[in-house]
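To start, the structure itself, in structure tokens.
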Amino acid sequence: MATLVSLRRLVNSVAAVAFYQPTGSEAEEYHKWYYNTFVWQKTSWLGVTTWKSVSDMWNYQEIIADLKPSLIIEFGTNQGGSALFFATIMKRLGQPFKVLSVDISHKHLDPAARRDPDIEFIESSSTRPEIAEQIQRLKSEYPGKIFAILDSDHSMDHVLAEMKLLRPLLSSGDYLLVEDSTVNGHPVLPGWGPGPYEAVEAYEQQFPDDYTHDVERENKFGFTFAPYGFLIRN
Ligand SMILES: C[S@@+](CC[C@H](N)C(=O)[O-])C[C@H]1O[C@@H](n2cnc3c(N)ncnc32)[C@H](O)[C@@H]1O
């Protein structure tokens, strides 16, 4: 009897998977649900608020574990959850590293993130020339690959300026994540105005040979808050 039940369960499971027919809109619906319910604002890493989708965080963890960078550059700290997340993963990789996290204001920075010795926090606009100088200094102190993530002011002009600031600082194989390209109807917040997605398009018009899109990782979990934003420096 037990064998018959197990066999029926096996056949039903195989049939359910084999005959599954996606309508094509599930991932987009989930994307909109995830964004519009603000669950991403109620997400935390080790108790520190982190404004990300958890599947993006998992994806970044996989990229970082493969890339093994020595320097992580984050524009847009907010409460520091994402900086702490990156530092936690990097510590496990066991190589010398630094996380640089820049925000125009650190008034919301959580003390639990602030006291991590592997993270350097700078209070400044991300596009100031001193930020490029500091990245250059950290590059010589921590030679190796860079993982950079843009998550600050989500206007096209600002993101484009950040990408241009990083242009002479990133080398072949380095990774650039342009976050929140989901706004302006990609597919959330239609009517936002030109944002990160349009910044990537504008950058590529000017510098078409700089990056290759990592489409496989971008599509891996069905949706991402960084559509068109997974870039590998050529
Ligand atoms: C979306 S939040 C960052 C979220 C954070 N990375 C996380 O995952 O939890 C955007 C942050 O960008 C900062 N910001 C806005 N304009 C900026 C600028 N010009 N330069 C640097 N940071 C800026 C804001 O103060 C805000 O804290």
Side-chain angles (χ1 to χ4, degrees), residues 31 34-61 63-64 69 71-90 98-114 116 118-135 138 146-166 169 175-184 186 188-189 192-197 199-200 221 223-227 229-230:
H31 189 155
Y34 206 104
Y35 195 90
N36 293 325
T37 57
F38 287 91
V39 64
W40 52 275
Q41 282 196 353
K42 295 169 217 142
T43 300
S44 57
W45 177 257
L46 301 176
V48 182
T49 299
T50 310
W51 286 358
K52 298 250 179 289
S53 95
V54 289
S55 50
D56 279 337
M57 290 171 75
W58 195 273
N59 217 345
Y60 302 161
Q61 171 272 130
I63 293 167
I64 290 167
L71 183 58
I72 300 224
I73 300 164
E74 175 183 67
F75 291 163
T77 312
N78 197 252
Q79 296 174 56
S82 46
L84 186 62
F85 171 74
F86 294 132
T88 308
I89 291 162
M90 292 297 291
K98 192 58 103 181
V99 175
L100 172 69
S101 189
V102 180
D103 202 293
I104 201 153
S105 165
H106 276 147
K107 71 173 178 229
H108 298 300
L109 181 52
D110 191 310
R114 195 189 282 272
D116 189 305
D118 295 313
I119 310 173
E120 181 174 329
F121 291 105
I122 299 185
E123 197 170 45
S124 159
S125 179
S126 50
T127 50
R128 291 193 58 82
E130 305 87 77
I131 297 301
E133 285 163 24
Q134 184 57 10
I135 293 170
L138 286 169
I146 295 178
F147 176 89
I149 181 159
L150 311 184
D151 190 20
S152 67
D153 169 345
H154 301 317
S155 65
M156 179 179 89
D157 289 350
H158 186 78
V159 177
L160 185 56
E162 289 180 328
M163 290 182 79
K164 287 183 180 172
L165 177 132
L166 289 176
L169 297 165
Y175 213 100
L176 177 64
L177 229 308
V178 181
E179 277 234 321
D180 281 313
S181 43
T182 180
V183 301
N184 202 33
H186 306 291
V188 305
L189 302 190
W192 169 272
Y197 196 105
V200 176
F221 294 105
F223 89 95
T224 171
F225 284 170
F230 286 63

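Just so you know, ligand 1 is whichever comes first in the structure, and atom 1 is the first atom listed for that ligand. Throughout, residue positions are numbered sequentially from 1 according to the sequence presented.
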When only distance counts, is [X] in polar contact with ligand 1, meaning an N/O pair under 3.5 Å?
| X | answer |
| --- | --- |
| His154 | no |
| Thr50 | no |
| Gly81 | no |

Parallel under 30°, tilted from 30 to 60°, perpendicular over 60°: which one fits the rings of Phe230 and Tyr175?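 Correct class here is perpendicular.
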Tell me whether the rings of His31 and Phe225 are parallel (<30°), tilted (30 to 60°) or perpendicular (>60°). tilted
Which residue and non-hydrogen atom of the protein lie closest to [atom], and at what distance in Å?
| atom | result |
| --- | --- |
| atom 10 (C) of ligand 1 | Asp151 O, 3.2 Å |
| atom 16 (N) of ligand 1 | Asp153 CB, 3.5 Å |
| atom 23 (C) of ligand 1 | Ser152 CB, 3.5 Å |
| atom 20 (N) of ligand 1 | Ser126 N, 3.0 Å |
| atom 7 (C) of ligand 1 | Ser82 OG, 3.1 Å |

Under 4.0 Å from ligand 1, counting heavy atoms only, is it the side chain of [X], its backbone, both or neither?
| X | result |
| --- | --- |
| Gln79 | neither |
| Glu74 | side chain |
| Ala83 | neither |
| Thr77 | backbone |

When you measure from the heavy atoms of Ser101 to every atom of ligand 1, does any distance fall below 4.0 Å? no
In Glu162, Glu179, Glu74, the residue satisfying side chain to side chain donor-acceptor pair (under 3.5 Å) with Ser152 is Glu162
Once rounded to the nearest 0.5 Å, what's the spacing between atom CE of Met57 and atom CD1 of Ile89? 7.5 Å
Who's closest to atom 13 (C) of ligand 1 heavy-atom-wise, of Asn78, Thr43, Asp103? Asp103
Start with the C-alpha distance between Phe85 and Tyr60, add both sets of side-chain angles, then the distance that settles ring pair (Phe, Tyr, Trp, His ring centres under 6.0 Å), and finish with yes or no. CA-CA 10 Å; Phe85 171 74; Tyr60 302 161; 7.6 Å; no
Return yes if a side-chain donor-acceptor contact under 3.5 Å exists between His158 and Ser125, otherwise no.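 No - no donor-acceptor pair under 3.5 Å links their side chains.
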Does Tyr35 have its ring centroid less than 6.0 Å away from the ring centroid of Trp40? yes
Under the side chain to side chain donor-acceptor pair (under 3.5 Å) rule, what do Ser155 and Asp157 come out as? Steps first, then yes or no, please. CA-CA 6 Å; Ser155 65; Asp157 289 350; over 6 Å; no
